[in-house]
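Here's the structure we're looking at; comments come further down.
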Amino acid sequence: MSAKRKRATAEAEVPLTPTVDGEPPAWANFRSELGDTLPWFRAVQGGIYHKDGLAWGVLISRDSGERSYIDEEVVITRIGGSCSRNANGDLVHVKDQEKNDLMVKCLLNSMEQKVPVGIIIGEHNTVLGKRVPHPYNVMDYFRITNIWFECSGKRRAAKVRYEKLDLQSKSWWADKGSLPPPSPEERDFTSRPTSAECNACSHKSFQVFHEGWMCLQPSCTRFFKIEGLVAPANLTYHQKFLSYRMAPDLVMKPHHSLIPDLLSTLDENDASVATSRVAWKGIVCPQCRKCISRKFWKGWKCSDDGTSIATQPQHLCTFEKMTRMPIMSLRSVIDTLEIAPQKRAFIPDDRFMIPEVDDNSLAPYRRLVYIIPRVGHITHLVSNRDINDHPNGPNTMFTQLQLADLGLQRFPLSNAVVPGTLTAHFAVNYGNPYKYVAPVNCKGFDEAPGVVLHALGRLQWATEKTVHLAGHKSYPPNEILVLGYFADMKIGYHDDGETSLGPTIATLSLGSRSIMQIRMKSKYYKGQSSRNTLLENDPVLPGCAFQLQRQTWKTEFERGMITQSKYDQCRNEFFKSHRTQCEAKPCIKLQIHHGDMVVMHGESLQRYYEHEVVPENKLRFALTARHIKAEHVDPKDTHKGDFTLAGNQLYNGI
Ligand SMILES: O=C(O)CCC(=O)C(=O)O
Ligand SMILES: [Fe+2]
């Protein structure tokens, strides 16, 4: 342990000794990578990861609060929650923290139940006073030794003292070249901070600060006072409070591995794990200790061909682990294969729209049509065993897609709340480039394996037939997006409403069954955006909130009976007193089986509605074909959309 200890001081006074002694046992560039990899820190936001009423992991970042403290073995921070940002962007307490506040309770539970917590330190922390090597750095496991309340401004705020569990090895964040820690034999495990009983409330408190003893019972009149006087602003921790150590305790065992060695448990010949949930967790790079999310269909790559966010420094580690990916049988992803009825009955559910059922027009497909008046329609083409068994049909395609080297990857979400969050599905685009919920890598059709062109043939057929049956002109697809889903992956609510797209979107589903739900977008449902901005041109869709009232004003406005400002005033006043918190409930629900196709048609459908798809089992592919308008294709990419389907790639509906 270094002989020289720093007192906790105000942020500006912390001397910046530049280097730490070692390297963290794991690190990450993004929070999402920590959450993907470390079972004890799955929190995507906030400073504490809690689950089942216990705290498991803590992140020390920019906001660890006043009088935070770190030395080689002790960490003192505030407990997040009850805070909001002031004008300077600092987190300040806006209400008194209580013992019953969720975070405080979870930490108290972990302390009482002897659950150690893992601590991570971020590069923007203001307390260590040394540069840490990476944006996020795993420190070690710590036990919680004290939780108490202090005054923070005018508020009562909870603080926590953590003590490193392993007192035998030197901490990597110690000063470079500092002495190793004393051996257990050299340590005094009996010393404790001084404590005393309060004359006013009889509550016993330990002495935290050098400046004097205080009652730490928040309800007491002498709370946080030194000899009856308000405590000074520049408090420093008492040496005894910092230096005491708990004796090693055999019961105090971390519940998770600090750094799980997931790879050692994954047998790549085992088809039952190849696409299971655990297969798309992150791993810790055995070479450089970086937490690596699974971005690639076949495995993990430590530095990843520039698909990471551009602001990150280039990472040069060469480690990669690509797996064999055994071929999954349909049997293993469709529980009812062969034993399901040959022909699926349509089971109406009155919570959702009932479609028109047509067994003739596109036989042997059953055609279920959901019409949203003035908006568009969704056609569900229900496949059957004969169609699926057909040569080059869905059964064969399911295997071929697994054999083909498609180049499927997960990409960072464009509008992620937490930067670096990857999509919960793999994607690759063929043909004209298309950006959906994330920028994807776009390959030309000349690079597409045969199975992708077979799918394109089917989707071309489905697009043409369904759109013509509706009496509209169809635009042939010139792009196909392949999505691949492992167990528990999905695509959350989104629309396919890019201005560059034609009005029709057709998807072929292969493998696991999935549920597709369609709902009205929030702003059209509520009549205003999340920032309470009124819709300029409210379509007043059937089933929207306050439909009758909104329609009345809209009609009056359109007929010139009220002015624009009166129309806006009516709506503003009404929405202020009638807040709708919840989102629109899904109005259409489809059970999509292996071999089914779904065609969404209508530009307004994508403008006003959004869809999500949640597969139910451990492997599914969705191939979605769209028409990208020529004027939206960069001239250097036009060749990518060129294709000619071979005779056997054209589809005739059987
Ligand atoms: O997985 C699916 O069926 C839907 C895919 C989808 O919505 C899309 O590609 O935009
Ligand atoms: Fe979509």
Side-chain angles (χ1 to χ4, degrees), residues 275 297 333-334 368 370 376 378-383 394 397-398 401 406 408-411 413-415 423-442 452 455-456 458-459 462-463 466 477-521 586 588-628:
T275 59
W297 183 254
V333 298
I334 305 178
L368 303 175
Y370 300 81
I378 294 155
T379 306
H380 181 181
L381 297 178
V382 180
S383 184
M397 294 169 96
F398 181 67
L401 280 172
L406 294 167
L408 285 159
Q409 287 182 37
R410 292 168 68 204
F411 294 91
L413 278 162
S414 317
N415 300 320
T423 56
H425 52 261
F426 297 90
V428 65
N429 192 83
Y430 288 96
N432 283 326
Y434 166 60
K435 295 181 200 74
Y436 71 131
V437 287
V440 214
N441 65 338
C442 297
V452 170
L456 183 62
R458 288 180 170 250
L459 294 165
T463 300
T466 52
N478 54 19
E479 168 274 350
I480 191 163
L481 179 73
V482 186
L483 300 189
Y485 301 86
F486 286 1
D488 292 344
M489 288 188 153
K490 63 171 196 169
I491 188 162
Y493 275 110
H494 69 282
D495 66 68
D496 294 10
E498 298 254 321
T499 43
S500 58
L501 290 182
T504 318
I505 291 142
T507 303
L508 167 66
S509 221
L510 297 169
S512 154
R513 193 174 85 150
S514 62
I515 302 292
M516 178 177 199
Q517 302 205 97
I518 292 143
R519 70 175 184 193
M520 205 180 289
K521 285 186 196 169
I588 296 175
K589 181 174 177 177
L590 311 181
Q591 263 193 9
I592 311 176
H593 289 246
H594 171 65
D596 289 2
M597 287 187 276
V598 174
V599 183
M600 292 191 272
H601 179 68
E603 255 163 42
S604 307
L605 186 59
Q606 302 301 331
R607 185 172 329 132
Y608 299 141
Y609 288 79
E610 55 189 2
H611 53 281
E612 69 158 16
V613 181
V614 184
E616 293 182 338
N617 211 327
K618 58 190 173 192
L619 185 57
R620 173 174 181 266
F621 294 99
L623 298 102
T624 302
R626 305 164 177 83
H627 175 85
I628 312 269

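One is the number of the first residue; the rest follow in order along the sequence. As the structure is a prediction and not an experimental result, all values here were calculated from the model. Each ligand, and each atom within it, is numbered from 1 in the order the structure gives.
Using a 4.0 Å cut-off between charged side-chain N and carboxylate O, K521 and E610 make no salt bridge.
Among heteroatoms of the N, O or S kind in D496, OD1 lies nearest the Fe ion (ligand 2).
Side chain of H494 to backbone of H611: a donor-acceptor contact under 3.5 angstrom is found. Looking only at distances, a side-chain donor or acceptor of S512 sits under 3.5 Å from a matching main-chain atom of E616. At least one donor-acceptor pair closer than 3.5 Å links the side chain of H425 to the backbone N or O of K490.
At least one heavy atom of R620 sits closer than 4.0 Å to an atom of ligand 1. Look at E612 and you'll find every heavy atom at least 4.0 Å from all atoms of ligand 1. Ligand 1 is approached by R626 to a heavy-atom distance shorter than 4.0 Å.
Residues M516 and H380 fail the side-chain proximity criterion, which asks for heavy atoms closer than 4.5 Å. Proximity of V614 to Y485: side-chain heavy atoms (C-beta onward) are nowhere separated by under 4.5 Å. The shortest distance between side-chain heavy atoms of M397 and R458 falls below 4.5 Å.
The ligand atoms of ligand 1 that sit less than 4.0 angstrom from a heavy atom of T507 are 3 (O). Listed by number with element, the atoms of ligand 1 under 4.0 Å from a non-hydrogen atom of L483 are 5 (C), 9 (O). Counting the atoms of ligand 1 from 1 in the order shown, those under 4.0 Å from a heavy atom of H611 are 7 (O). Taking every non-hydrogen atom of A622 and a distance limit under 4.0 Å, the qualifying atoms of ligand 1 come out as 1 (O), 2 (C), 3 (O). For ligand 1, the atoms sitting less than 4.0 Å from at least one non-hydrogen atom of V613 are 1 (O), 2 (C), 3 (O), 4 (C), numbered in the order shown with element in parentheses. For ligand 1 and L481, the ligand atoms under 4.0 Å from any heavy atom of the residue are 9 (O). Of all the atoms in ligand 1, the ones that sit under 4.0 Å from a non-hydrogen atom of D496 are 8 (C), 10 (O).
Applying the side chain to side chain contact (heavy atoms under 4.5 Å, CB included) criterion to S509, with sequence neighbours excluded, gives S514, I592, R620.
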Between F426 and L406, does a side chain to side chain contact (heavy atoms under 4.5 Å, CB included) hold up when you go through it step by step? CA-CA 10 Å; F426 297 90; L406 294 167; over 6 Å; no
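If you look at M516 next to ligand 1, there are no close heavy atoms at all, none under 4.0 Å.
With the Fe ion (ligand 2) as the vertex, NE2 of H494 and NE2 of H611 span 90° to the nearest 10°.
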